[in-house]
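Let me begin by presenting the structure, written as structure tokens, before commenting on it.
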There are 2 protein chains.
Amino acid sequence: MALRHAVLAALLEGELSGYQLTKAFDLGVANFWYAQPQQLYAELTRLEKGRLIAGREVIQEARPNKRLFHLTDAGLAELEEFTAAAAKPSFIRDDLLVKVQAADYVDTEALMAQLSERAAFARAKIDLFGKMLRSMRGDRTEGEFLRHGHRIGPYLTCLRGLAFEEGNRDWCEHTIAVLRERQKAHVQH
Amino acid sequence: MALRHAVLAALLEGELSGYQLTKAFDLGVANFWYAQPQQLYAELTRLEKGRLIAGREVIQEARPNKRLFHLTDAGLAELEEFTAAAAKPSFIRDDLLVKVQAADYVDTEALMAQLSERAAFARAKIDLFGKMLRSMRGDRTEGEFLRHGHRIGPYLTCLRGLAFEEGNRDWCEHTIAVLRERQKAHVQH
DNA sequence: TAAGACTAGTCACTTTCATGACTATCATGG
DNA sequence: CCATGATAGTCATGAAAGTGACTAGTCTTA
């Protein structure tokens, strides 16, 4: 029951089609969850059956018809219940960390390539988050916006995403530097 | 195929029993993955069947007998192959972020309680990581250790875990402060 | 003007993860 | 001397997440 609530939270923004949701959850734009189209469509079906969301069909001319979903009262209640329930601690769970854990025993070259790829990915997301934050707060300062803005949830999660990716970038760069220096030292012997 | 490689990477440390592994992966001590005992035992069984690890029984007097596992050559090869393969990007996936995303619509009191619980948890882990790092590097400085230490993988992943938890702590505290100030402002109207 | 990307979604299937309940024995504290 | 808690695991089952393959029309651009 996890993606479930992420979808409900996303629908707080207003009406969204399944396809729009996939855009948000897909390429990592959603900074608080991630899921693939198939999972989202399946979840939407389940949620609609449970009457936590309701959809209405929109007939379109130039492109396929779509269904726009919105939260029902029951859906909002469910989300509130979920928020009140105790959260389990979260952990990093990342292939790349497993690989670095094994760094002393495996091919360093391949590992460094992956670390720099990840660093590049992180930089791209940092960029994206910066733009999203700016667009959410408009011409107000961050402090101003957080004090008086009317919808700060997405802004706050975006801030976490930003910090997380900055952490990724810094760690990847640092790790690369360490591995490179050891490589150099090793060659000299 | 993810826990699988995390277990292999953990066994690089040397021989470990299933029970010792659970201690490492359990309460979040392992900074690069997390799993419950049942999953680990199941994974160990699978890995042994696939001959990626091998176990030997140790008969004990005062406590139950145990099986110590170690990597086989095939296991090391598998780990190397895994490390060379492209890593998929990782995402934060956290209940708490979903809840904050909904912050504008749900009970703030309960949410703040969870945020401060999480902050406390993060502080505890920061402490733990600090101790682990110190014990790994001994009396050397970090730079010294990273240049010349003979096993730096766990140290590097530990650094990522530390930074992650510092990020959690800071974000939780900041978010609490923001929510509290809004609450205050709201009451005054 | 054909290839490729975008909108909009579905079906079937597998792999992973998580949970609860259970069995033993021994050591320690109150 | 009895209740915890640590050591060392096992079994069964359910929930969640991930993957591949597909349909079908439209818009863009090289």
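To find a chain, count down the sequence lines: A is the first, B the second, and so on, and within it residues start at 1. Side chains are part of it too, since the values below use all heavy atoms of this structure and drop only hydrogens, waters and symmetry mates.
One interatomic measurement links the two molecules: CZ of R63(A) to P of dA5(C), which rounds to 17 Å at whole-angstrom precision. In this entry the distance linking CZ of R4(A) with C1' of dA17(D) reads 15 Å, nearest Å. When rounded to the nearest whole Å, the span between CG of L21(A) and P of dT10(C) equals 13 Å. Atom CD in E15(A) sits roughly 14 Å away from atom P in dA8(C) (whole-Å rounding). One can place CD of Q20(B) at 10 Å from P of dT7(D), the figure rounded to the nearest angstrom. The separation between L16(B) atom CG and dG9(D) atom P is 11 Å, rounded to whole Å. One interatomic measurement links the two molecules: NZ of K66(A) to P of dG25(D), which rounds to 19 Å at whole-angstrom precision. What separates CD of Q36(B) from C1' of dC11(D) is a distance of 15 Å, to the nearest Å.
Separation of atoms CZ (F145(B)) and CZ (R151(B)) is listed at 9.5 Å; rounding is to 0.5 Å. Between the CG atom in D95(B) and the OG1 atom in T83(A) there is a gap of 9.5 Å [rounded to 0.5 Å].
Y41(B) has no side-chain polar atom (N or O) that falls below the 4.0 Å cut-off from OP1 or OP2 of dT10(D). Listed pair Y19(B) / dT7(D) meets the phosphate criterion, a side-chain N or O lying under 4.0 Å from OP1 or OP2. OP1 or OP2 of dT10(D) has not a single side-chain nitrogen or oxygen of R67(B) nearer than 4.0 Å. Remark: Q39(A) is not in phosphate contact with dA17(D), judged by side-chain N or O atoms under 4.0 Å from OP1 or OP2. Distances shown here put every side-chain N or O of T22(A) at or beyond 4.0 Å from the OP1 or OP2 atom of dG9(C). Phosphate contact (OP1/OP2 of dT15(C), side-chain N/O of R46(B), threshold under 4.0 Å): absent.
For R51(B), the CZ atom is loosely surrounded, since the number of other residues' heavy atoms within 6.0 Å does not exceed 12.
Mapping R93(B) and F69(B) onto DNA chain D via the closest heavy atom, the residue that lands nearer the 5' end is F69(B).
Between the E173(A) side chain and the D170(A) main chain, no donor and acceptor come within less than 3.5 Å of each other.
Q38(B) contributes no side-chain N or O that forms a donor-acceptor pair with the base of dG9(D) under 3.5 Å.
When each of dC17(C), dA17(D), dA8(D) is scored by its nearest atom to the side-chain atoms of P64(B), the top-ranked nucleotide is dA8(D).
The aromatic rings of Y34(B) and F91(A) lie parallel to each other, with less than 30° between the two planes, well short of the 60° mark.
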